[in-house]
Peer 1: 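One structure is given below, represented as structure tokens, and several questions about it will come after.
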Amino acid sequence: MIRRSGAAAALSAAAIAILAAACSAPGSSSGGSGGSGSGGSTGAASGPIKIAVVDAQSGSSSDLGQFEWRGVKLAVDQVNKAGGIDGRKIQLTLFDDQGDPTVGTELARKIASEGFTAMLGTAESSVTLAMAPILQAEHIPNITSGQSTKLLKLGSPYLFLNGPTGLTYDSTLAKYLVQTKGYKKFALLTNNDSYGAGEDSAFTSSLKSLGITPVAAEVVPADQTNMTPQLNTIRSRNPQVLFIGAEEAQSGLTVKQARSLGMTAVIAEGAPAGTPLFLSTAGVANADGTIVSSPYLGNGVDAASKAFAAAYTAAYGTAPELHGAKAYDGAEVMISALKACHACTGLALASAVRAVHRTGLLGTFAYDSQGVGIFSTSIGIIKNGTIEPVSS
Amino acid sequence: MNRLFAARRPLGLAALAIVAWVLPYRLNVYWISVADTALLFALLAVGLGLVMGIAGQVNLAQVAFFGVGAYGVGILTTAHGFGFWLAALLAMVAAVCAGLVVGLPALRVQSHYLGIVTLGLAVAFLDWVTNAPVTGGDSGLSGIPTPPLFGVGLSSQYLYYYLELIVLAAGLAFGYFVVRTSLGRRLRAMRDDALAAGAAGAEIRVLRMIAFVLASVYGGAAGVLYAGLIHYIAPETFSIADMFLLLAMVIIGGRQSLWGCVVGAIGLTVAQQELINLAAYAQLGYGMLVVAVVVFAPTGLAGVPSRVRRWRLRRRSGISAAALGSFSGVPSSGRTGAVLEVSGLVMRFRGVIALDRVSLRAEPGEILGIVGPNGSGKTTLFNVISGLYRPSGGRVDLDGRVISGSRPWRISHHGVARTFQHLRLFGNLTVLDNVRMAMDRTRSWWSWRYVFWPVGVWRHERELSRQAGAVLDAFGLAAFAGALPHSLPYGIQRRVEIARAMASAPRLLLLDEPAAGLNGDEQRQLAEIVRAIRASGVTVVLIEHNMGLVMSLCDRVVVLDSGAVIASGVPASVAAQPAVLEAYLGTTTLPSEAS
Amino acid sequence: MSTLVVENLAVRYGGVSAVRSVSFTVPPGESVGLIGANGAGKTSTLRALMGLVPRAAGTARFGDRDLGKVPARHMVRLGIGYVPEGRHVFAGLPVEKNLLLGAYASKWDSSCRARLSEVYDLFPVLGQMRGRLAGALSGGQQQMLAIGRALMARPVLLLLDEPSMGLSPKLVEVICSALQRLRAEGLSLLLVEQNAMLTFEVTGECLVLENGSVAMTGTSAALRDDPRVRKIYLGL
Amino acid sequence: MQSFFQTLVSGLSFGAVYSLIALGFSLVYRTMGLVNFAHGAVLMTGAYLASTFYLSARLPFAVAVPAAVLATGVVGLLIERVLRPLESKDVDLMLIGTIGAGTVLEAVAILIWTSSGRGVPSPVRAAPLDVGGVRIPVYNLVVIAVAAVTMVLLTLFLQRTKRGAAMQAVAMDPEAATAVGIHVGRSNAVAFAIGAGLAALAGSLASPMLFVSPTMGDSLGIQGFAAAILGGFGSIPGAIVGGLGIGVIGSFAAQWFQGYSDLVTFVVFTVLVMVRPTGVFGEKTVNRA
């Protein structure tokens, strides 16, 4: 008997619940979803401007995340100290994406629901790729540190890069190595994550446009730390140049292991080779002579970078590197846009970002329709543990 | 107490349903996405619970099933332009195939070996998706479409929540349907004691594969839903770290309870989101929790209420007050006894001869006693007859049909049932379920009904319950139907084991030391039961050390010594033979009664 | 030298009563047998004495020590040697290593070497096979090894559990004479056996167990001629 | 051909490391029947300790490694103490318990050393040897030598010392061991500590060849475990053969199958386990009713 009435209660309760659901859709009534529908209005004129920084603070790419956060924070601290934007301070919140795209998508929704104006980061193209559709739907402009050309294919008007694409890095590098130095035998060693795969295709196509086919193109898993088997294959082909497409630590290890196998080929690489982690992993002696393609060659190249380096060192007690500089530039672009449109939001802010024209640490930003603002890199060479611009 | 609880259950479910239904009204955009993720993990965890907790198969490849489902949908929709639901269907098929592949090693290895092999296969899957062009490599697949439902695109997180909720509810319902009925009972019996389950007629190999297929269905479904929810998939989501997190959910929640798995999954997902900026502390926390649960509460959170209840019961009184009923005859099975013919049986273990050309014969309606000193090969003989060992030579026939070399379940289906020297009851099955499990004479492929004809399963279940009730009544065990074997006094456990053996309506019953540990009264009851079994026409072979019982009970006795038959005949004449005296007492110089 | 005094010993496994109220005494230099059919509770009695299974009731004292408070691994230091049922040699280790492990509680010094040669003297076959893995020995040799291992610690009381199990009559004789020799050297023995005749040869006094209780006691000589023993064994 | 030998050399050097890992697994399994899924995390702990002693405390490498081995042995004692109640219980719970312990160690390492990882410069600065065009880094030879010496020492310890004999006795028959006066619990603890020490040795030896990070134990642990099973769980020669086997299979798989090396390695491993579950030197066990 009791059982009967229990079931009846369950049925009627369910019926009520369904009725309730039919009357109003969940989510529409609650005030949670902040971003939806605010397609380009000028933001509320009071309170701080909320900007989200999404970067890995845990997991294998947490180093990058740390560098980025410092760069962003430095720029924002500076503008806040100078009075903010139209008297409003910028309030930064750091989110840890753990390098995981799924976590990224959840963070994108969190950012939307908590009414953030804009987002800076992430350091990884794959996480940005996952987040971009949600940010687009919620009208939140995002300046990412990713450099994959896949980002451009999304065609989101809210997505911007804070540096050049991988293709820019690699074509500059290939041109220098082939046309200036006259090398002809190239070997590639790339890892299989999105960065490595992007480098593989970008450098290969850059070489191809110069009429050169690599003598070896080896792939290693991104978490592999023993590259010797692949290096063996490369060594047997005797290349003049070994191009590496992998993150800092793995690149450093590759260089170390290549040298311990007695390989003498010139090492060439994109941005990761310019970082302290690369140097410490490879060892200073092994890294000597590595050719680097980077929009930010070092802290002493010009007045702007010297000033940045001084401020960064004062704030964090350690010298900056490329990622910090990139993130700093990205934050500066966002700040300029906010200033220009008086802290607007949504599509208006995105348009303001696109209109920014300023010279930063990496060069002069002038965004195209795809969200790329920087189209060149410089070539440097590592000598005694520091990068110097090549004298060409 | 128990009935009250049962009555409360629908109310609790209703309350839960209402909470789950109105929950989205209280959640903002972010928390609804957390809820969506939590429900997916819950679905995954239920699958893992089924394979690990219910079937006892270590599976560290559940994330791979998840991945196969997600990538199946991703690849088919983006690269081949399939519609979402067609792609989902094919992805589920792929996930089931993955389940079969991952399950294969379980046919050969178990426990930690299975752990490392399944983990290795998960790593292999991860490696494939990270490299293959078709999966988009490390940068993954984007642009997966939103699943439409009755013309409505489920792009809203809120609508999606309801889709997931319905799938999870259906998954849980199906899971409980399986667990509580024939198939699940066999899986649980296999988990508790694969050997005894095989001897009771369960096809262990098929069941193991079914367990992995079940896990892969839940994993695949979660993957399909994930792809439709996030619209983007990348290898990172299916990493080993996530596998361990999933494992932690299931262990902390309680692997043997599907609700426990759900609670663990939701709890840990929410906790992880709360601690998103303290990931290392979160990891530390759940790691310590897993260790603590495993050491102090192996059944997880779900097991805590019953542990508390048992503890309180134990404090209040010793054993339950229910009394053992009297034995009221063996229910007629309609089957006649079989002739057992053992001829020239030889069993060697790495050079040691355990059975040396043993030949014997047992007729229908006869009680044959097998006696002999320790280590004379009696239990080995039973193990060969019941199919646990494949003999090195000789043969065993049942009614003229060779059964030696067959698998235990097949021999059980031929009508052989046995008990074990050291009780082998299914420890986490109730007495009723122990009996129902052995009573279930269906083959494993019968399980297709779970998908296509559930009504048939229900009917079968009702019939089983009716018959099992009759067996328990007959053996005077009705009062203990709901008890776990280990909570019962030893003498009752012995009787349960005989009842279980008789539930399979055997034609030949092998009893291995049924009187061990029984007091005088219980031994008398045992003799009564065994005689009744003989009277019902079943052939009985029993190993017994209690010579008094053997002498009074057995029609004929076979004496084994060092693996060979040294004497056989009616009890009194066998006891008088010098060879028997020597085997038992050590020498022939023992004075006879006459001297 | 100490006396082993066992009073009202009881053992239960779960709900099963394996031993109910068994009492006996082994004075120094004496030899006592516990006989009975399989499942009578002989082995359980011995294991309870050694502390390998918990006692449900009763006490056991050795000299002035309450054995209930001594962990199993310290029995050997009190001078109690134990030869388990089924021999339990360390199958993957050589014969000599098995014997040396018997002297684990003392130093592996010259007196240990001397003891080793005594054991080889008692069982010459072990000396011939000292380098062989124990698992590769025959059942009888393993039994000698198990006894030899227990002797290595120079016990004053030796507990033996079914030393004749599974052995051929000839080997039973070898074991029997070895035990007689040990007894002559002044060692106390507590012998658990199914083989009643062997026990009567070796011991001075015997208890016959049936269903966990003492059914009969008496001198071995008297029991040897008692037809009731046979009844208990064969259930007639 | 030269490339073949070069790959073989690299496979053998890493194989030596895997052998050490497998040895730890096997020793613990052999002496206490415990399958330690935390072994990889223990290895990582050892590698971090060694690199900290070497890089931060500026101890010589030859001092840093033994110090790390000792310290990790203490960590092993701690884990054993926590998991002791599980030792005689069901194998699956043990497996999960050690996975939990591994998770904890990893989290602790992240909290202490952050998750970014560090490179460890090779302590041997000599140029690689050139044998007929095959380059052999001197440090790799050091690793192989240390691994070989360790295995010899371990074998001697087990065969020649009283404690070693006692540990084996405990593994073969805990009850008989108790009867001759061996403290089974203490013996198990020592075995676990030695297992942890072996993991630490493997980790610290591997760190100049690889990269020290909180997750380094994941793949090394899985590979080492696979090596132990391949050789025959619990067997010492099996651990050596299995380790070298997995090292060589892995190296050639990496060279021939590039990014797909893990896939190939584990598929081969799965097939091998199915064909011969007991490994090369493992013993067949019999079901008993």
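The model shown is predicted, which means the values in this text are computed figures rather than measured ones. Lettering of chains follows the sequences in order, A, B, ..., and the numbering in each one begins at 1.
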Peer 1: I'd like to know whether the aromatic ring centres of D/Phe4 and D/Phe252 sit less than 6.0 Å apart in this structure.
Peer 2: yes
Peer 1: Tell me if the centroids of the rings in A/Tyr328 and A/Tyr312 come within less than 6.0 Å of each other.
Peer 2: no
Peer 1: Could you tell me which portion of A/Leu261 (side chain, backbone, both or neither) has an atom closer than 4.5 angstrom to a non-hydrogen atom of chain D?
Peer 2: both
Peer 1: Of the backbone (N, CA, C, O) and the side chain (C-beta and beyond), which part of D/Ser122 lies under 4.5 Å from a heavy atom of chain A, both, or neither?
Peer 2: backbone
Peer 1: Examine whether an atom of D/Val120 lies under 4.5 Å from a heavy atom of chain A, and if so say whether it belongs to the side chain, the backbone or both; otherwise answer neither.
Peer 2: backbone
Peer 1: Can you tell me which portion of A/Ala217 sits under 4.5 Å from chain D's heavy atoms? Options are side chain, backbone, both or neither.
Peer 2: backbone
Peer 1: Heavy atoms only, distances under 4.5 angstrom: which of A/Lys256, A/Arg235, A/Gln257 has the most pairs with chain D? Name it, please.
Peer 2: A/Arg235
Peer 1: Which one wins on heavy-atom pair count under 4.5 Å against chain D: A/Asn192, A/Asn232, A/Thr225?
Peer 2: A/Asn232
Peer 1: As an exercise: rank A/Thr228, A/Val220, A/Leu253, A/Leu64 by heavy-atom pairs under 4.5 Å with chain D and give me the winner.
Peer 2: A/Leu253
Peer 1: Relative to chain D, which segment of A/Glu248 carries a heavy atom at a distance below 4.5 Å: side chain, backbone, both, or neither?
Peer 2: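 Contact with chain D: none, neither part.
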Peer 1: Does any heavy atom of chain A fall under 4.5 Å from the side chain of D/Phe211, the backbone, both, or neither of them?
Peer 2: both
Peer 1: Could you verify whether a donor N or O on one side chain and an acceptor N or O on the other, from A/Glu68 and A/Ser145, lie under 3.5 Å apart?
Peer 2: yes
Peer 1: Tell me, out of A/Asn191, A/Asn286, A/Asn226, who's got the most heavy-atom pairs with chain D below 4.5 Å.
Peer 2: A/Asn226
